Amino acid sequence: MKKIEVAILGATGTVGQKLVALLESHPWFSIAELVASERSAGGPYDKVCHWRENIPLSPSVAALKVKNTDSPLNSLLLFSGLDSSVAGPLEERYAHQGHVVISNSKNHRMDSDVPLVIPEINASHLVLARSQPYRGAIITNANCSSIFLTMALAPLHQALQVKKVMVTTMQAISGAGYPGVPSLDILGNVIPHIAGEEEKIAQEPLKILGTLDGKSISPANFPISVQCNRVPVLDGHTESISIAFAHHTSAAQVKELLQGFRGEIAEMKLPSAPAAPLIVLEDINRPQSRDVHRAQGMSAIVGRIRACPVLDVRLVVLGHNTIRGAAGAAILNAELFHQLGMLDEYRL
């Protein structure tokens, strides 16, 4: 199969570099174009990018001349790691030009006609793209912590109907990008605030777990109380979650539902899809941040499933924030969009 040439927007940033690292050996996609801000554009990628991934750049990608955001692009499929301060209008412009933008940025996630997708949960929401006012399309993945919370909630909400959720996050410093949090602020410390994060986690799962109603989504209807903390961990967001259900349940039933979850794409054999979206660990002291690389960082890790004296059940979820929570999520969305034949509906 001939590989599909793709472009990466914001290629020198944290998410952009992770996209490069994950796409360099992808069986379906080939990196053809790299886009960055005016100050980085013009030179070869390895000269203008301060590469921080733990794998070496391939010579072909290293030599690619970085384009600026005004340069015309030949790739139909664009992966956006753009900063949210500029992503909104730029992604719209590319979509108007006919490109399919697979975005990690927050700007369009809650737009009524933009799919906010976790493939194992709401693949059907991709049809919203056909209602957008563009020649191309914008597809988004959720906030990293929203993804891990929603992956755990999805099989439980389907079987037991979630009524309320309380979640406290302990989020790794890589989630703040580079250079991120100053060392004297985070070393030996916990920062109990991440700007805009609580609002995203309270809203995004409800859209993902919502019902497709023609050309819009009827969001799930339950409150999510969120408290977010930045902690001195490099990679991996941990979430302590308590859940109340409409139907009586036990910790054992919740565990069984989580262990059995495979999702809507289990038979599609998408390259980035993990065999098990949720990995349930038995050890009483797991998951820990050191578990974050299981399943190449694409599964959410669950543990400590037990009764809750305030709600019904409580548990702990861990996920790799820059892989499944960002770049890997975008790539999986693109794989699904292509496998469903929807990418073939667009031409530059």
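Worth saying up front: this structure is predicted, and the values here are computed from it rather than measured.
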**OP:** Considering non-hydrogen atoms only, spot the tightest contact between A251 and A307 and give its length.
**Re:** CB-N, 4.0 Å

Subject >> Separation of I4 CD1 from F29 CZ (nearest 0.5 Å) >> reply: 5.0 Å

Original post:
Side chain of K255, backbone of E282: donor and acceptor closer than 3.5 Å?
Top reply: no

**OP:** Given side-chain hydrogen bond (donor to acceptor under 3.5 Å, both in side chains), test E335 with S272 step by step and report yes or no.
**Re:** CA-CA 8 Å; E335 291 170 358; S272 299; 2.6 Å; yes

Original post:
Between E5 and A32, what is the shortest heavy-atom contact and its length?
Top reply: CB-CB, 3.7 Å

Original post:
Does R306 use its side chain to pair, donor to acceptor, with the backbone of R304 at less than 3.5 Å?
Top reply: yes

**OP:** For S174 and D235, run side-chain hydrogen bond (donor to acceptor under 3.5 Å, both in side chains): C-alpha distance rounded to whole Å, both residues' side-chain angles, the deciding distance at 0.1 Å, then the answer.
**Re:** CA-CA 6 Å; S174 57; D235 290 313; 2.8 Å; yes

Original post:
Minimum heavy-atom separation for I243 to L311, with atom names?
Top reply: O-CB, 3.5 Å

**OP:** May I ask you to check whether over 12 heavy atoms, not counting those of Q227, lie within 6.0 Å of atom CD?
**Re:** no

Subject >> Atom NE2 of H50 with >12 non-hydrogen neighbours under 6.0 angstrom >> reply: no

**OP:** Inspect the surroundings of CD in E264 and state if more than 12 heavy atoms from other residues, nucleotides or ligands are less than 6.0 Å away.
**Re:** yes

Original post:
How far apart are the closest heavy atoms of A152 and P155, and which atoms are they?
Top reply: O-CD, 3.6 Å

Subject >> Straight-line distance of M110 CE to S112 OG, nearest 0.5 Å >> reply: 10.0 Å

**OP:** Answer yes or no: is there a donor N or O on one side and an acceptor on the other, between the side chain of E239 and the main chain of V167, under 3.5 Å?
**Re:** no

Original post:
Do L128 and V117 share a hydrophobic cluster, counting only Ile, Leu, Val, Met, Phe, Trp and Tyr and linking them when any side-chain heavy atoms are less than 4.5 Å apart?
Top reply: no

Subject >> N221, CG atom: more than 12 neighbouring heavy atoms under 6.0 Å >> reply: no

Subject >> Candidate pair N104 and N141, rule side-chain hydrogen bond (donor to acceptor under 3.5 Å, both in side chains), full reasoning >> reply: CA-CA 6 Å; N104 180 73; N141 57 267; 2.9 Å; yes

Original post:
Is any side-chain heavy atom of I305 closer than 4.5 Å to a side-chain heavy atom of L258?
Top reply: yes

Original post:
Is the number of heavy atoms from other residues, nucleotides or ligands within 6.0 Å of NZ (K47) greater than 12?
Top reply: no

**OP:** Side-chain contact test, heavy atoms from C-beta onward, threshold under 4.5 Å: evaluate it for V292 versus L318 and give yes or no.
**Re:** yes

Subject >> Check: S80 main-chain N/O paired with Y94 side-chain donor or acceptor under 3.5 Å >> reply: no

Original post:
Between N68 and E38, does a side-chain hydrogen bond (donor to acceptor under 3.5 Å, both in side chains) hold up when you go through it step by step?
Top reply: CA-CA 5 Å; N68 64 39; E38 189 67 43; 3.2 Å; yes

Original post:
Backbone N or O of D185 within a donor-acceptor pair of the N189 side chain at under 3.5 Å?
Top reply: yes

Subject >> Identified side chain to side chain contact (heavy atoms under 4.5 Å, CB included) partner of H108 from the options I138, L116, I139 >> reply: I138

Original post:
Do I265 and L209 share a hydrophobic cluster (ILVMFWY, side-chain heavy atoms under 4.5 Å, transitive)?
Top reply: no

Subject >> Heavy atoms of other groups near Q158 CD, more than 12 under 6.0 Å >> reply: no

**OP:** Taking all heavy atoms of L76 and all of G98, pick out the closest pair and write down the distance.
**Re:** CD1-O, 3.4 Å

**OP:** Kindly check if the number of other-residue, nucleotide or ligand heavy atoms within 6.0 Å of CE (M342) is above 12?
**Re:** yes

**OP:** Give, for atom NZ of K106 and atom NZ of K200, the distance between the pair rounded to the nearest 0.5 Å.
**Re:** 5.0 Å

Original post:
Is a salt bridge present between R262 and E120, judged by a nitrogen-to-oxygen distance below 4.0 Å?
Top reply: no

**OP:** Establish whether V316 and V233 are linked, either directly or via other cluster members, by ILVMFWY side-chain heavy-atom contacts under 4.5 Å.
**Re:** no

Original post:
Would one find more than 12 heavy atoms of other residues, nucleotides or ligands at under 6.0 Å from atom CZ of R52?
Top reply: yes

Original post:
Looking at H157 versus F245, is the centre-to-centre ring distance below 6.0 Å?
Top reply: no

Original post:
Do the charged groups of R286 and D291 touch, with an N to O distance under 4.0 Å?
Top reply: yes

**OP:** Quickly, which of V114, N107, V101 forms a side chain to side chain contact (heavy atoms under 4.5 Å, CB included) with T140? Name it, please.
**Re:** V114

Original post:
Are E91 and H99 linked by a side-chain donor-acceptor pair shorter than 3.5 Å?
Top reply: no

Original post:
Is there a donor-acceptor pair closer than 3.5 Å between any side-chain N or O of N143 and the backbone N or O of S145?
Top reply: yes

Original post:
According to a 4.5 Å side-chain heavy-atom criterion applied to Ile, Leu, Val, Met, Phe, Trp and Tyr, with indirect links allowed, do L9 and Y45 form part of one hydrophobic cluster?
Top reply: no

Original post:
How long is the span from the CG atom in L336 to the CD1 atom in I331, to the nearest 0.5 Å?
Top reply: 14.0 Å

**OP:** With the side chain counted from C-beta on, respond yes when L270 and W28 share a heavy-atom pair under 4.5 Å apart, and no when they do not.
**Re:** yes

Original post:
side chain to side chain contact (heavy atoms under 4.5 Å, CB included) with L64: which of L34, D46, V20?
Top reply: L34

Original post:
Does a donor on one side chain and an acceptor on the other come within less than 3.5 Å for T211 and D213?
Top reply: no

Original post:
Between the main-chain N or O of D113 and the side-chain N or O of Q132, is there a donor-acceptor pair closer than 3.5 Å?
Top reply: yes

Original post:
Which pair of heavy atoms, one from C228 and one from Q171, lies closest together, and at what distance?
Top reply: SG-OE1, 3.5 Å

Original post:
Got a donor-acceptor contact below 3.5 angstrom from the R135 side chain to the L348 backbone?
Top reply: no

Original post:
Within the distance-only criterion (no hydrogens, no angle test), does the side chain of S75 pair as donor or acceptor with the backbone N or O of L78 below 3.5 angstrom?
Top reply: no

Original post:
Short question: side chain of R314, backbone of S242 - any donor-acceptor pair under 3.5 Å?
Top reply: no

**OP:** Report the distance from atom CZ of F148 to atom NE2 of H320, rounding to the nearest 0.5 Å.
**Re:** 8.5 Å

